[in-house]
Novice: 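Sharing a structure, written as structure tokens. Questions coming.
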There are 2 protein chains.
Amino acid sequence: MTLDALPAHQGGAENLARLLARALLTGHWQPGDVFPKELDIGQHFSVSRNQVRNALASLSAAGLLERTAGRGTQVRAMSEWHLLDPLMSEWMTGLMNLDPQLVRAIYAFRFSAEPLVAGLAAQAASADDIARLETAFEGMQRTAGQPEARHQHIEHDVAFHDVIYQATHNLVWRQMGHLLRPSIMALVHRSQHDIKTLDDSLARHGHVLKAIQAGDVAAAEAAAREVLRRTAIDLGIVPDTLSDGR
Amino acid sequence: MTLDALPAHQGGAENLARLLARALLTGHWQPGDVFPKELDIGQHFSVSRNQVRNALASLSAAGLLERTAGRGTQVRAMSEWHLLDPLMSEWMTGLMNLDPQLVRAIYAFRFSAEPLVAGLAAQAASADDIARLETAFEGMQRTAGQPEARHQHIEHDVAFHDVIYQATHNLVWRQMGHLLRPSIMALVHRSQHDIKTLDDSLARHGHVLKAIQAGDVAAAEAAAREVLRRTAIDLGIVPDTLSDGR
DNA sequence: GATTGATGAAATGTCAGACATTTAATAAGC
DNA sequence: GCTTATTAAATGTCTGACATTTCATCAATC
């Protein structure tokens, strides 16, 4: 893989890092491949070696690359990636063509964890949390079925899930919510087609809201599971086969 | 807080980063405090500005610091820390005097998540996973009650928990297992005092092993919950009050 | 002929200094 | 008193040189 296939960049080491990271996340390089050397990258994008080094340092910190003095820079396998690094999360935002294997893994995680999280939220949610959850849900209702408001609808949907993670009032789960944001966004983007599907999805979200309002742990878990089943159907994933290859 | 109270450092930007990170993690600075400037740090530790900048870049990436041109470097609040960043995990390894609030938050997370993880492991564990789990358990048994082998006992204990996360065969949970390693280590260190406690802990671990061997999801969840209850008792944590302050 | 050692090229890592940019405080001017 | 220059101080950036690590090549020696 060469640099020529990549889009131009708009200046700034962060932009360069994002650009290269996205190329890696979408599989433009294979694990074990040698990555272009600093000077070549700098020349190709017309940036200083400093910028390149800063960008590569970020990618290296995220486990996407392995750099060793004298040898060069190598691309690491997906199992080495630091999926929970906030940088990754940022780079993944808006990426619609993520590696399918990665999408499945993240969905599988949510499918196992989110019911539990909803249950914790039902226990720990404050009045503020519930108000935020209601706002998000009303936003989803208001924008449902309006093609011109699709973007807003997705925003509300993602916010709904995020609030649930926040409502656990646990530092670790909260981080998790932030990190999953882009993945959830990507999943939501892929699902939700016709009106019928959308209504069903909306109803299932409503059940989660009601359960959390009532503080009913078991109901919240069950309702969250139903929301994710809906997502799975939309994505064409069979829930029985969620674990990664052995 | 000044730099004078910190230990000397052994060269290398990574060591410097770890040193400063640990000072932050153990509360040597308060949120909002201004952090020493690059040149002062460099002078104090006799390292180049480059090293300092690299170290500070890491701390900044982990959410410990916020750097803004012209103003300086500020210390961020714990809620802003990227707890799931692998760097954090590395910096926390071996730290015995973590902030109590942080210890509680991490334990609360494990208390909620680990039963689920054990259940997933019971579903997905391969023969290799089970073999590793048995090895770890046997190691725990072999070194139990021998004060001179305490370090090894802890290693086996941590390995036991790690294997469970690995056995889910899910990329995200696996990462989680790696990240929690140092925290688990710290928790295990604090617990396990007398023989009686240790025997009880060992028995509870054994139940988890048996359930996973049998592929019994519900039993694995219940057994993992019992292991964590034991830990909670040792730590003096009341499981009912696990959610963070509202 | 195989092993060892010396040499050199090529990559990343480090340093030092100058300069740019941002921010905030201070002084000047109306 | 308010606005606007000026200045100081911090982080950010660039550049060129040098250091270090790694690997390949080739030669020397046994």
Side-chain angles (χ1 to χ4, degrees), chain A residues 1-3 8-21 23-24 29-76 80 87 90, chain B residues 1-3 8-21 23-24 29-76 80 87 90:
Chain A
M1 176 68 191
T2 68
L3 294 170
H9 111 293
Q10 304 289 340
E14 290 161 20
N15 281 324
L16 180 57
R18 177 164 51 236
L19 192 149
L20 296 173
L24 287 162
W29 276 276
Q30 296 303 311
D33 283 359
V34 295
F35 204 71
K37 53 190 125 181
E38 295 177 350
L39 295 175
D40 287 350
I41 298 175
Q43 189 170 7
H44 183 266
F45 292 107
S46 311
V47 297
S48 70
R49 196 182 159 211
N50 245 339
Q51 304 251 24
V52 177
R53 280 187 64 76
N54 287 338
L56 293 185
S58 292
L59 301 198
S60 178
L64 293 174
L65 299 176
E66 178 172 13
R67 319 193 64 205
T68 49
R71 187 140 58 102
T73 303
Q74 269 186 315
V75 177
R76 295 228 255 183
E80 306 287 323
L87 279 176
E90 190 196 318
Chain B
M1 176 69 190
T2 68
L3 295 170
H9 110 293
Q10 306 287 341
E14 290 161 21
N15 281 324
L16 180 57
R18 177 164 52 236
L19 191 148
L20 295 174
L24 287 162
W29 276 277
Q30 295 304 310
D33 283 359
V34 296
F35 203 73
K37 52 189 124 183
E38 295 177 348
L39 295 175
D40 287 352
I41 298 175
Q43 190 168 10
H44 184 266
F45 292 106
S46 312
V47 297
S48 71
R49 197 183 158 210
N50 245 340
Q51 303 251 23
V52 177
R53 281 186 64 76
N54 287 338
L56 292 185
S58 293
L59 302 198
S60 178
L64 293 174
L65 299 177
E66 178 173 13
R67 320 193 64 204
T68 49
R71 190 141 58 99
T73 303
Q74 270 186 316
V75 177
R76 295 228 255 183
E80 308 285 323
L87 278 177
E90 188 196 321

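Because the structure is a prediction, the values reported are computed rather than measured. Protein chains get the first letters and strands the later ones, always in sequence-line order, with residue 1 at the start of each.
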Novice: What residues form a side chain to side chain contact (heavy atoms under 4.5 Å, CB included) with A:Ala57, not counting sequence neighbours?
Specialist: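 Residues passing side chain to side chain contact (heavy atoms under 4.5 Å, CB included) with A:Ala57: none at all.
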
Novice: Below 4.0 angstrom from OP1 or OP2 of C:dG13, is there any side-chain N or O of A:Arg67?
Specialist: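 The answer is yes; a side-chain N or O of A:Arg67 sits under 4.0 Å from OP1 or OP2.
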
Novice: Nearest 0.5 Å, what's the CZ-OG distance between A:Arg76 and A:Ser60?
Specialist: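 Those atoms lie 7.0 Å apart.
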
Novice: Quick one: B:Glu38 CD to D:dA10 C1', roughly how many Å, whole number?
Specialist: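 Atom-to-atom, B:Glu38 to D:dA10, this comes out as 8 Å.
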
Novice: What distance separates B:Leu20 CG from B:Phe45 CZ, expressed to the nearest 0.5 Å?
Specialist: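 Nearest 0.5 Å value for the CG-CZ distance: 5.5 Å.
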
Novice: So, for B:Leu24 and B:Val75, which heavy atoms are closest and what is the spacing to 0.1 Å?
Specialist: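 Of all heavy-atom pairs spanning B:Leu24 and B:Val75, the closest is CD2-CG1, 3.8 Å.
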
Novice: Go through the structure and list residues passing side chain to side chain donor-acceptor pair (under 3.5 Å) with A:Gln74, not counting sequence neighbours.
Specialist: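 Checked A:Gln74 against side chain to side chain donor-acceptor pair (under 3.5 Å); matches are A:Arg71.
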
Novice: Can a side chain N or O of A:Gln51 be found less than 4.0 Å away from OP1 or OP2 on D:dT13?
Specialist: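 So the side chain of A:Gln51 is outside the cut-off, no N or O lying under 4.0 Å from OP1 or OP2 of D:dT13.
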
Novice: Starting from the first five and the last five pairs of the helix from C:dG1-D:dC30 to C:dC30-D:dG1, work out the angle between the resulting helix axes, to 10 degrees.
Specialist: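 About 0°, once rounded to a multiple of 10°.
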
Novice: Rounded to whole Å, please give me the gap between CD1 in B:Ile41 and P in D:dA10.
Specialist: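 Value for this atom pair: 12 Å.
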
Novice: Rounded to the nearest 0.5 Å, what separation is found between the CD atom of A:Gln51 and the CD1 atom of A:Ile41?
Specialist: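 Spacing of CD (A:Gln51) from CD1 (A:Ile41) equals 12.5 Å.
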
Novice: Look at the side-chain N and O atoms of A:Arg53 and state whether any lies under 4.0 Å from the OP1 or OP2 oxygen of C:dT12.
Specialist: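 No, outside the criterion.
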
Novice: Can you name the residues that form a salt bridge (Lys or Arg N to Asp or Glu O under 4.0 Å) with A:Glu66, not counting sequence neighbours?
Specialist: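 By the salt bridge (Lys or Arg N to Asp or Glu O under 4.0 Å) rule, A:Glu66 matches no residue at all.
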
Novice: Figure out the CD/P separation between A:Glu66 and D:dT21, and round it to whole Å.
Specialist: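 Interatomic distance, CD of A:Glu66 to P of D:dT21: 17 Å.
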
Novice: B:Leu56 and B:Phe35: which non-hydrogen atoms are nearest, and at how many Å?
Specialist: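 Looking at all heavy atoms of both residues, the shortest contact is CD2-CE2, 3.8 Å.
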
Novice: Considering heavy-atom distances to DNA chain D, does A:Ser48 or B:Thr73 have its closest nucleotide positioned more toward the 5' end?
Specialist: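 Nearest-nucleotide comparison on DNA chain D picks B:Thr73.
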
Novice: Suppose we screen for side chain to side chain donor-acceptor pair (under 3.5 Å). Which residues come up paired with B:Gln43, at least two apart in sequence or across chains?
Specialist: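 Side chain to side chain donor-acceptor pair (under 3.5 Å) list for B:Gln43, sorted by chain: empty.
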
Novice: C:dG17 P sits how many Å from B:Asn50 CG, rounded?
Specialist: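 Rounding to the nearest Å, CG of B:Asn50 and P of C:dG17 are 13 Å apart.
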
Novice: What is the distance from CD of B:Gln74 to P of D:dA10, rounded to the nearest Å?
Specialist: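 Answer to the nearest Å: 14 Å.
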
Novice: Is a side-chain N or O of B:Asp40 found less than 3.5 angstrom from the main chain of B:Lys37, in a donor-acceptor match?
Specialist: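 Not a single qualifying donor-acceptor pair exists.
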
Novice: Locate the shortest heavy-atom distance separating A:Ala21 from A:Leu64; write the atom from each residue and the value.
Specialist: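 The answer is CB-CD1, 4.1 Å.
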
Novice: Nearest to the B:Lys37 side chain among C:dT14, D:dA10, C:dC15, which nucleotide is it?
Specialist: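 Looking only at side-chain atoms, B:Lys37 lies closest to D:dA10.
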
Novice: Write down the protein N/O and nucleotide N/O pairs, taken from nucleotides 20-26 of chain C, whose separation is under 3.5 Å; answer none if there are no such pairs.
Specialist:
none

Novice: Expressed as a whole number of angstroms, how long is the span from B:Phe45:CZ to C:dT14:P?
Specialist: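 Between P of C:dT14 and CZ of B:Phe45: 18 Å.
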
Novice: Let's see if you can work this out: which of D:dA17, C:dC15, D:dT13 has an atom nearest to the side-chain heavy atoms of A:Arg49?
Specialist: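 Nearest listed nucleotide: D:dA17.
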
Novice: Starting at atom CG of B:Asn54, determine the distance to atom C1' of C:dT14, rounded to an integer number of angstrom.
Specialist: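 It works out to 9 Å between those atoms.
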
Novice: Restricting both atoms to N or O, compile the protein contacts to nucleotides 4-6 of chain C shorter than 3.5 Å, with distance only.
Specialist:
none

Novice: Can you list everything that forms a side chain to side chain donor-acceptor pair (under 3.5 Å) with B:Glu38? Sequence neighbours excluded, please.
Specialist: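 Only B:Arg49, B:Arg53, B:Arg67 meet the side chain to side chain donor-acceptor pair (under 3.5 Å) criterion with B:Glu38.
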
